[in-house]
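See below for the structure under consideration.
The first residue in the sequence is number 1, and the count goes up from there. All values below were derived from every heavy atom in this structure, side-chain atoms included, with hydrogens, water molecules and symmetry-related copies excluded.
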Amino acid sequence: MSLRLGDAAPDFEQDSSAGRIKFYDYLGDSWGILFSHPADYTPVCTTELGVVARLMPEWTKRNVKPVGLSVDTGENHTGWAKDIEETQGQKVDFPIIADHDHKVSKLYDMIHPNASDTATVRSVFIIDPAKKIRLILTYPMATGRNFDEILRVIDSLQLTDSDKVATPANWKDGQDVIIVTSVSDDEARKRYPDGFKTLKPYLRMVKQPKLPSAG
């Protein structure tokens, strides 16, 4: 059965570039991003891992732990990490799962036979501290992911978990947000004393509350 939003993320124990890893134990009370790569020593993946490593201060600020996955061995991961540091100027300081037996790939349905019988597609799972899946994305092998978008989604998830708002299309941190329809106008006036703008009874815009990661 395929995974859906709100499902518990499957726990696993597997080899990684950082040694044997127990997924739930590794995440602890943090958010997690589990993202797969078709194989080691591939060009698009090399650039992606460099970007994720470069964004480590942003992940840390949001209490997020990134975890990569490839179907190669841990020994391959070690050599590949050196190439990434050389070509991308970033040391990879997060674990890359060595899913050589496809155990995790099968748990998360990362192998799509019409794309490849053995290599994983570019899957992304955002997992919250309760170990629930909050986002699922699947990219084709030839298309590198936009990790700025993944950061944006995490900001939205953390904001909407902490306040009764939703984020509009193309929203970015600092822009106005939407008051959810379950909040009455009277409650909205109490929650947002600086006021809000009613475009339609179901569409009320308000200045964005502070993101939890902003402290």
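- The CD1 atom of I84 sits 10.5 Å away from atom CD of E48, with the distance rounded to the nearest 0.5 Å.
- Looking only at distances, no side-chain donor or acceptor of R145 sits under 3.5 Å from a matching main-chain atom of L137.
- Put simply, OG1 on T60 and NZ on K65 are 10.0 Å apart, with the number rounded to the nearest 0.5 Å.
- The closest donor-acceptor contact from the side chain of T198 to the backbone of P201 lies at 3.5 Å or more, if one exists at all.
- With S36 contributing its side chain and S123 its backbone, the two residues share a donor-acceptor pair below 3.5 Å.
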Less than 3.5 Å apart, which donor and acceptor atoms pair up between the side chains of residues 124-132 and the rest of the protein, not counting sequence neighbours?
from: D128; atom 1: OD1; to: A130; atom 2: N; distance (Å): 2.9
from: D128; atom 1: OD1; to: K131; atom 2: N; distance (Å): 3.1
from: D128; atom 1: OD1; to: K132; atom 2: N; distance (Å): 2.9
from: D128; atom 1: OD2; to: R134; atom 2: NH1; distance (Å): 3.1
from: K131; atom 1: NZ; to: G28; atom 2: O; distance (Å): 2.6
from: K131; atom 1: NZ; to: P129; atom 2: O; distance (Å): 3.2

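- Ion pair D186/R189 flagged as a salt bridge, since at least one NZ, NE, NH1 or NH2 atom sits closer than 4.0 Å to an Asp/Glu carboxylate oxygen.
- Note that CD1 of I21 and CG of D15 are 10.5 Å apart. Values are rounded to the nearest 0.5 Å.
- Rounding to the nearest 0.5 Å places OH of Y26 at 10.5 Å from CZ of F12.
- Residues Q14 and D99 are in side-chain contact: their nearest non-hydrogen atoms beyond the backbone lie under 4.5 Å apart.
- Counting only distance, with no hydrogens or angles, the side chain of W59 and the backbone of N63 share no donor-acceptor pair below 3.5 Å.
- When each of T167, D163, D173 is tested with Q208 by the rule side chain to side chain donor-acceptor pair (under 3.5 Å), just one qualifies, namely D173.
- In this structure the side chain of M141 never reaches within 4.5 angstrom of the side chain of V44, judged on heavy atoms.
- No side-chain donor-acceptor contact under 3.5 Å links D109 and S2.
- A donor-acceptor distance shorter than 3.5 angstrom exists from the side chain of Q158 to the backbone of R62, with no hydrogens or angles considered.
- Between I33 and the choices V67, L135, L151, I154, the side chain to side chain contact (heavy atoms under 4.5 Å, CB included) rule is met once, by I154.
- Taking the charged nitrogens against the carboxylate oxygens, K207 and D176 have no contact shorter than 4.0 Å, which rules out a salt bridge.
- For the pair Y108 (side chain) and P10 (backbone), a donor-acceptor distance under 3.5 Å is present.
- Taken from CZ in R54 to CG in L49, the straight-line distance is 11.0 Å, to the nearest 0.5 Å.
- Atom CE in M205 sits 12.5 Å away from atom CZ in F196 (nearest 0.5 Å).
- Annotation for D25: atom CG counts as buried by contact number, over 12 foreign heavy atoms lying within 6.0 Å.
- Using modelled atom types, one finds no donor on one side chain facing an acceptor on the other under 3.5 Å when comparing Q88 with D83.
- Residues F94 and V52 meet the side-chain proximity criterion, which asks for heavy atoms closer than 4.5 Å.
- Proximity of V206 to K197: side-chain heavy atoms (C-beta onward) are nowhere separated by under 4.5 Å.
- Checked by atom type and distance alone, the side chain of E149 never pairs as donor or acceptor with a backbone atom of N146 at under 3.5 Å.
- Within the 4.5 Å cutoff, no side-chain heavy atoms of L107 are placed close to those of F23.
- Salt bridge annotation for E13-K103: absent, with no cationic side-chain nitrogen under 4.0 angstrom from a carboxylate oxygen.
- For the pair S16 (side chain) and A18 (backbone), a donor-acceptor distance under 3.5 Å is present.
- The closest side-chain heavy-atom distance from D155 to W171 is below 4.5 Å.
- Of the possible polar contacts, none joining the T143 side chain to the P140 backbone as a donor-acceptor pair under 3.5 Å is found.
- Between K190 and E187, none of the side-chain N atoms (NZ, or NE/NH1/NH2) sits under 4.0 Å from a carboxylate O, so this pair counts as no salt bridge.
- Using a cut-off of 4.0 Å between Lys/Arg side-chain N and Asp/Glu carboxylate O, D11 and K22 are scored as not salt-bridged.
- Between E85 and K91 no salt bridge is recorded (no basic side-chain N to carboxylate O distance below 4.0 Å).
- K61 has a carboxylate O that lies under 4.0 Å from a charged side-chain N of E58, or vice versa, which qualifies the two as a salt bridge.
- For the pair S105 (side chain) and M110 (backbone), a donor-acceptor distance under 3.5 Å is absent.
- No side-chain heavy atom of H37 sits under 4.5 Å from any side-chain heavy atom of V71.
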